[in-house]
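Please read all numbers here as calculations on a predicted model, not as lab measurements.
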Amino acid sequence: MPPRPTTDQRIIPLPLASTNHAGRSALTCRYRCGDACFHEAPNTSDNPYLGDVIAGVLSRRSLLRSTAVLSLAAAGTAAVASPAAADVELDVELRLGGSRGARGLRFDPVAHNKLDAVVTPAAYEQDVVIRWGDPVLPGAPAFDHTKQTAAAQAKQFGFNVDYLALLELDHDRLVLVANHEYTSEQVMFAGYSSANPTREQVEIAWAAHGLSVVVLEEQRRSCKLSPIKHRLNRRITATSKLQFTGPAAGSAFLKTSVDPTGRTVLGTLNNCGGGVTPWGTVLSGEENFNQYFGNADLVTDPATKARLARYGLRGLASERKWERFDKRFDVAQEPNETNRHGWVVEIDPFDPDFVPRKRTALGRFKHEAAEPRLTSDGRVVLYMGDDERFDYFYKYVSKNRVKHGRSESARRHNLTLLDEGTLYVAKFTGDSPAAEIDGTGTLPADGAFDGTGEWVALASGNKSFVPGMTAEEVYVFTRLAADKVGATKMDRPEDVEPHPDNGTVYIALTNNSDRGAAGKAAPDEANPRTRNRHGQIMEVMESRNNAAATSFRWRLFLVCGDPADPSTYFAGFPKDKVSAVSCPDNLAFDRHGNLWIATDGSALGSNDGLFGVAVDGRYRGQVKQFLTVPVGAETCGPIIEERRIVVAVQHPGELDGATVEKPGSTWPGGPGTIARPSVVAVRRSDRGRIGD
């Protein structure tokens, strides 16, 4: 029998100072989103909250069949990236029927744990594909955290890894595209002073943001992936040149002293979720961009000040103090620079000379994702969430159809599709009384939640549908436009994923710490718990399954949390046979049509993880945990293939009080090293199909 984990393999987290962001540390809240949850939500409109208009909706499905307590027993196996801990065995297994389940989900679930490791089921093994600081471009040095430079980082794999795309290049090579959401300077630089960062540290951070494009070589027999030198390898950073396209390009709201044309912008920031288009390009959403800008409180123009506030810009000095080193981050000097971030960026990973494009027709907000679906007549539809408490859910429908094939003519045409179309925001409606909702999450009469909704048009091309706003204003200040048309406030809509077979759209609503707080929306049927710490997943079904429809139906699929808590709901599946899941974030589907859920900030006292769940059939709602990530880390960017699962391990060891000198994690290198965000590939030890 392999040895059990030793004490030094069990990193005990320091106490969490943050209670607003579920189970996430205050350090993560500072660096990822600028402590957004510690401030008032930017949406101060009187638009209805999602649950306020749908509370009490009754379902046709049966009541939950069980409220039994989830139990722990013996015998799961931990697989870790560090060779020194490769055969660790854990005395934990969930009694969830073992490997029984839907096709693709037949594995022994991993138990909740606090190990400083990537933990997978017993029959699986893993490799670290690429880590922060690994060489990407020619001339990049090997990583040495004591000898970091901006020039080196610009040629190395960036820092925190979020969205991942894996595209086929030829028979044994793949192209990996990775988002680098943000930097955590305190765990990057020895002796870091948040009050007085150095220019070199700031420039390293600029270079660690953005995206990496890396060609991987695949060993067919083992499925192992290894980065190689290739002409397609590329880094896009906070100082790379990008261009605006679409109806707002050249707008007065996008012009600065450095770019009087309003068409060229330096950098892409806080790249979170994304998507892959039908024509093979990759979309990357800019999310919490507001935190990088300082001196918003020095702005005196009332209109500008109101617009800044709606996007969460407040205060004087920013967390990273970038405004000291480049005036574009000083709102008082360049008030329009903030308008140049918060977009969806399109890149072509197969063309290293392609200038990334910020697509203004898709609107500006905190983009978590941009997931596509085609209409029956070949137009592309993108679903997009705005990751903020009480913000909105959007979609875009292109005017023109996708051209198939790999000709240059088809490529040129398809690269225009995200510049001409109609931008919509969702409004949800319910038809039952709220009297059955008491804040405990107790289910209404027949145990489920559903309703109807409509897509409200905001703008199309140069035409605005919002009274009192021009089309340019709608695209640049999309949140304000959605406020005006009465869009429905939601609980942090993050990743969005259409089902590949039936088109049902799944939305991860991560949590909302303000639910039921004084002066805020009370708990309701769509958000049934006071201080919603665990989140839920919603299903949206377009009318007649037409992605371009202007109406839809919806229902809650999962209400997350501990199955022993009567407020949770797992699509009616027996709750003694599911893994507890909290704070759903990224979503993906496998070849069987099962939904996979990556979590961020689990409030269950465990490391975050990756979960699979069937969405139809006899196992609908049976959530099973496939892996957990190291302490302090977030599970991101899952790619679910037939024989391999790829995940991003973001911000390992990002615990309150952690520093380079006192790391909160030593994954993946082991004792004596600092934590490094990485991409991990998991496969069956016998090279068989995942979950079969």
Side-chain angles (χ1 to χ4, degrees), residues 161-168 174-181 210-213 236 242 245-246 268 270-287 342-350 354 356-375 378-387 393-398 402 411 414-419 421 423-424 426 493-501 503-508 540 542 547-548 584-590 595-598 636-641 646-648:
V161 196
D162 200 292
Y163 177 77
L164 302 175
L166 199 56
L167 308 173
E168 185 175 345
L174 302 164
V175 180
L176 173 71
V177 182
N179 280 358
H180 301 295
E181 185 175 1
L211 299 93
S212 291
V213 179
I236 298 166
L242 289 80
T245 67
T268 181
N270 214 260
N271 299 77
C272 197
V276 177
T277 68
W279 50 94
T281 59
V282 173
L283 305 177
S284 176
E286 297 181 315
E287 194 184 19
W343 303 96
V344 170
V345 178
E346 183 175 13
I347 70 165
D348 185 347
F350 298 101
F354 181 82
R357 303 174 184 183
K358 296 196 178 188
R359 301 296 194 181
T360 64
L362 306 183
R364 175 176 162 267
F365 42 90
K366 291 186 177 182
H367 283 277
E368 169 70 25
E371 291 290 348
R373 182 186 173 200
L374 291 179
T375 65
R379 290 174 291 156
V380 66
V381 175
L382 291 180
Y383 295 95
M384 303 172 288
D386 185 351
D387 183 11
F393 179 47
Y394 299 84
K395 82 171 179 180
Y396 167 88
V397 181
S398 71
V402 173
R411 178 179 181 274
N414 291 334
L415 286 173
T416 69
L417 294 178
L418 302 185
D419 289 334
L423 180 64
Y424 297 88
E494 295 218 35
D495 203 2
V496 180
E497 194 75 27
H499 192 288
D501 299 324
T504 297
V505 178
Y506 288 77
I507 312 170
V540 170
E542 300 274 25
D585 188 337
N586 294 155
L587 305 175
F589 279 98
D590 65 20
L595 183 68
W596 290 73
I597 305 162
C636 294
I639 299 171
I640 316 300
E641 299 181 318
V646 182
V647 297

### Query
Counting N and O atoms only, with roles assigned by atom type, does the side chain of T360 sit under 3.5 Å from a partner on the main chain of T245, one being a donor and the other an acceptor?
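Judged by distance alone, yes, a pair lies under 3.5 Å.
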### Message
I'd like to know if the side chain of N179 and the backbone of E181 have a donor-acceptor N/O pair within less than 3.5 Å.
### Response
no
### Query
Mind checking what makes ring pair (Phe, Tyr, Trp, His ring centres under 6.0 Å) contact with Y424, not counting sequence neighbours?
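Expected list: none.
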### Task
Start with the C-alpha distance between I507 and F393, add both sets of side-chain angles, then the distance that settles side-chain contact (heavy atoms from CB on, under 4.5 Å), and finish with yes or no.
CA-CA 9 Å; I507 312 170; F393 179 47; 3.3 Å; yes
### Task
Please name the pair of heavy atoms, one in P584 and one in A508, separated by the smallest distance, quoted to 0.1 Å.
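Of all heavy-atom pairs spanning P584 and A508, the closest is O-CB, 3.7 Å.
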## Note on the structure
Taking every heavy atom of A369 against every heavy atom of D495, the minimum-distance pair comes out as CB-OD1, 3.1 Å
### Flag side-chain contact, heavy atom, 4.5 Å: V380 against T277
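Answer no - side chains too far apart.
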### Query
Going by atom types alone, do T416 and D419 pair a side-chain donor with an acceptor below 3.5 Å?
no
### Message
Under a 3.5 Å cutoff, is there a donor and acceptor pairing between the side chains of E497 and W596?
### Response
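Per modelled atom types, E497 and W596 side chains form no pair under 3.5 Å.
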## Note on the structure
Per side chain to side chain contact (heavy atoms under 4.5 Å, CB included), V213 is matched among V282, L176, V175 by V175
How many angstroms lie between atom [atom1] of [X] and atom [atom2] of [Y], to the nearest 0.5 angstrom?
X: C272; Y: Y163; atom1: SG; atom2: OH; result: 12.0 Å
X: T268; Y: W343; atom1: OG1; atom2: CH2; result: 12.5 Å
X: I347; Y: L283; atom1: CD1; atom2: CG; result: 9.5 Å

### Under-4.0 Å salt bridge between E346 and R357
no
### Electrostatic pair E286-K366, nearest N-O below 4.0 angstrom
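Result for this pair is no, no salt bridge flagged.
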### Task
Apply side-chain contact (heavy atoms from CB on, under 4.5 Å) to the pair V381 and L374, showing each step before the final yes or no.
CA-CA 6 Å; V381 175; L374 291 179; over 6 Å; no
### Task
Examine Y396 together with Y383 and report whether their ring centres are nearer than 6.0 Å.
no
